[in-house]
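Please read the structure below before turning to the comments.
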Amino acid sequence: MKRLVVYLFGLLFVLMGCTTAGERARMRSGLDSINVLNRTDQPFTVQDVEPFVQFFDEHGTPNDQMLAHYLLGRAYYEHGEAPMALQCYHEATERADTTDKDCDYKQLSRIYGQMADIFYHQGLYRQEQVYDKLAEKFAWKGKDTLAALINMEEQCFAFKRLGQIDSVIYIIEKVANLYKKYGYPSDAAIALGTIVRDLVEKGEDSKARIYMDRYESKSGFFDEEGNIQEGREIYYNVKGKLYLTRNMLDSAEYWFRKELQDGRDLNNQNAGAYGLAMVYEQRHQPDSAAKYYRYAYAMNDSMYAQQATATIERIQAMYDYSRHQEIANQEREKALQEAYKKRIILGIFVLFVLITAVIIYLMISEKRKQKLRYIQNLASLEKAQSEIMQLREHSNDYQELITEKECEIEHLKSEIENRQQKMRQDHATTTQQIQDSEIYKELKERERLCKALTKEQIRKIRIMVIENLPDFNGILLENKYMLREHDFNVCMLLRLGIKSKEISVLLKISQPRVSQICTKVLGTIFNENKGGAKELSEELHKYY
């Protein structure tokens, strides 16, 4: 019955899983494959990820669910739907179990970093700071030092947009020291390079020069001739401004012209032209200054047009978000209905299992009560039999009490026999059960040591005989034979395979007395006028 309960609950847990280990492993492998595409900047679609989101929402760990929703967000983001991506990222962070020691904090940090990036490009700089700090926090928890420092550094972008330049300088200097401390000297130099312009504009030329030297020597962005990597030419403008503030006009002109020559994008053309205009203005050459101011303004107009286009695209994305939000709500409602149906079915099944378990428990409990009552009846029957055998020695004086005990014995025998009929076993099993019992082992040990049995041991042996040898017990206790206690004990030990010599020791009676009892029982019960212990043992072994 206990095993049945275990099997039922095991079946419940299996059905609650509703999936196989093989299917789970296959889906996890598929999710990891998409994650590899994401990390190597290879394309994948929303449709590629959605089956994994649906599967792991039902069968996955919090880490599985977080990764699936994050990759869905990445798919939306790569297709230009940043607001939908943001919604998926929010869902991913909600799936993370940050109280679990196995939580993938590194992944969680990346998600918050992506959210911060979206807020930055949407112009929501306060929100960007919040999510950059969360990205930093979970990177530290995930022991990803470099990611934590990068997220700390990226908080400066929002401070710069908000015009809090002192905060920018403070954070960059702090993070640069940490980069250096943890073994990232090039990252430290790159970070310091980002505040050179701010230091120049604040008039801190000496510090700007120190950071500029570290940037040029440690960042890895410059070739042997001092040329910066393509796409970073705006640095020439910063360097030109430093020389301009020091009134080193030839050097300033050199770097502004280099910016115009190497940096072909609108930003560099605007900045380089504006720098040259200021150089010529300080040289008191108004015609040349006007020429470059006009060029700078033209580039500035082009930049504003470009920014306006980006703004329109961002607004369009927000309108797209409303459409996707409606679709997402419909899908969510559908998923909730499906989940509700599954919960109803699962609830019915759980209720069925619980009712079954309660019924089985009650059956087991009842059987235990019956077993306990049976054991108590065995002890009571042994006590009554012992008392009646003792009373038979004074039958004349205690006839009424003997009659009462006989009635009690018959009642107990009736209750015990009802259970024994259900428990009836073959002879080999009964013999083995007797030999495996603790009291039988005690008996054999006493026999080996030639030590007499105690009263308690004799009582336990009689209970064992009553339980396992009901026919034997019944024949010896029939009223017409009037056996007494020593008679019964001798027969009992013979039936258990003890020889007469050992019986005399175990019962503390003489061997002639044992022989006399054997002869008496043979004649009284089996109508045999001759014979001794051997013959009586053979007769007794016919009864179970």
Side-chain angles (χ1 to χ4, degrees), residues 120 150 153-177 179-180 185-283 289 292-293 295-297 299-300 302-303 306-307:
Y120 174 80
I150 290 171
E153 181 183 355
E154 288 184 346
Q155 293 170 40
C156 293
F157 298 142
F159 280 118
K160 184 164 285 192
R161 292 288 185 177
L162 293 168
Q164 299 175 15
I165 303 303
D166 289 339
S167 297
V168 173
I169 294 172
Y170 170 78
I171 292 175
I172 288 295
E173 289 180 335
K174 177 182 176 182
V175 80
N177 288 330
Y179 274 132
K180 189 174 180 182
S186 63
D187 294 282
I190 293 167
L192 292 173
T194 63
I195 59 171
V196 171
R197 179 191 296 273
D198 300 318
L199 292 171
V200 170
E201 291 175 352
K202 284 173 65 68
E204 298 183 31
D205 295 355
S206 299
K207 186 184 284 189
R209 184 73 233 186
I210 293 170
Y211 290 170
M212 185 179 287
D213 290 342
R214 287 181 63 180
Y215 182 67
E216 292 181 6
S217 61
K218 301 289 186 182
S219 67
F221 292 157
F222 296 83
D223 61 20
E224 294 178 355
E225 296 177 356
N227 298 310
I228 200 167
Q229 285 179 357
E230 184 178 351
R232 300 180 183 275
E233 293 85 0
I234 196 68
Y235 174 73
Y236 296 142
N237 185 267
V238 177
K239 199 164 185 177
K241 281 190 174 181
L242 176 63
Y243 286 115
L244 189 63
T245 59
R246 292 185 170 187
N247 206 32
M248 299 170 67
L249 301 182
D250 290 344
S251 295
E253 181 182 357
Y254 171 81
W255 291 110
F256 290 139
R257 288 194 180 280
K258 187 169 179 61
E259 181 183 15
L260 280 175
Q261 177 185 338
D262 296 349
R264 306 308 299 173
D265 59 277
L266 292 175
N267 190 36
N268 276 298
Q269 292 295 302
N270 170 262
Y274 191 77
L276 286 173
M278 288 191 294
V279 169
Y280 284 114
E281 190 173 18
Q282 288 196 28
R283 284 177 175 167
Y292 284 105
Y293 273 132
Y295 185 68
Y297 289 149
M299 294 300 101
N300 202 38
S302 297
M303 286 173 61
Q306 195 176 65
Q307 289 172 358

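Note that the structure is a prediction, hence the values are computed from the model and not measured. Excluded from the calculations below are hydrogen atoms, water molecules and symmetry mates; all remaining heavy atoms, backbone and side chain alike, are included.
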Give a yes or no on whether the backbone of [Y] and the side-chain of [X] come within a donor-acceptor separation of less than 3.5 Å.
X      : Y      : answer
Glu153 : Ile172 : no
Arg197 : Gly193 : no
Glu233 : Gly231 : yes

Would you mind listing every salt bridge (charged side-chain N to carboxylate O under 4.0 Å, His left out) that reaches into residues 205-217, with sequence neighbours excluded?
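Residue pairs passing salt bridge (charged side-chain N to carboxylate O under 4.0 Å, His left out), neighbours aside: Glu173-Lys207, Glu204-Lys207, Arg209-Asp213, Glu216-Lys239.
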Carefully, step by step, assess Tyr280 and Glu253 under the rule side-chain contact (heavy atoms from CB on, under 4.5 Å).
CA-CA 9 Å; Tyr280 284 114; Glu253 181 182 357; 3.4 Å; yes
With sequence neighbours excluded, what pairs up with Phe221 under the side chain to side chain contact (heavy atoms under 4.5 Å, CB included) test?
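If we apply the side chain to side chain contact (heavy atoms under 4.5 Å, CB included) test to Phe221, skipping adjacent residues, the hits are Ile190, Tyr215, Ser219, Ile228, Gln229, Arg232.
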How about [X] and [Y]: do any of their side-chain heavy atoms sit closer than 4.5 Å?
X      : Y      : result
Asn268 : Asn237 : no
Leu249 : Asn247 : yes
Tyr236 : Asn227 : yes
Met212 : Tyr235 : yes
Tyr243 : Val200 : no

Verify whether one side chain among Gln269 and Tyr295 offers a donor that lies under 3.5 Å from an acceptor in the other.
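Yes, a side-chain donor-acceptor pair sits under 3.5 Å.
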The test is side-chain contact (heavy atoms from CB on, under 4.5 Å); show your working for Leu242 and Val238 and say whether it passes.
CA-CA 6 Å; Leu242 176 63; Val238 177; 6.0 Å; no
Apply the test side-chain contact (heavy atoms from CB on, under 4.5 Å) to residues Ile169 and Lys202: give CA-CA distance (whole Å), side-chain angles for both, the deciding distance (0.1 Å), then the verdict.
CA-CA 11 Å; Ile169 294 172; Lys202 284 173 65 68; 3.5 Å; yes
For Asn267 and Glu259, run side-chain contact (heavy atoms from CB on, under 4.5 Å): C-alpha distance rounded to whole Å, both residues' side-chain angles, the deciding distance at 0.1 Å, then the answer.
CA-CA 10 Å; Asn267 190 36; Glu259 181 183 15; over 6 Å; no
How long is the straight-line distance from CG of Leu260 back to CG of Asn270, given to the nearest 0.5 Å?
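Spacing of CG (Asn270) from CG (Leu260) equals 10.0 Å.
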Tyr293, OH atom: more than 12 neighbouring heavy atoms under 6.0 Å
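More than 12 heavy atoms, drawn from other residues, nucleotides or ligands, come within 6.0 Å of this atom.
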Which pairs of donor and acceptor atoms, one on a side chain in residues 156-164, lie under 3.5 Å apart (sequence neighbours left out)?
from   : atom 1 : to     : atom 2 : distance (Å)
Lys160 : NZ     : Thr194 : O      : 3.4
Lys160 : NZ     : Asp198 : OD2    : 3.1
Arg161 : NE     : Tyr120 : OH     : 3.2
Arg161 : NH2    : Tyr120 : OH     : 3.2

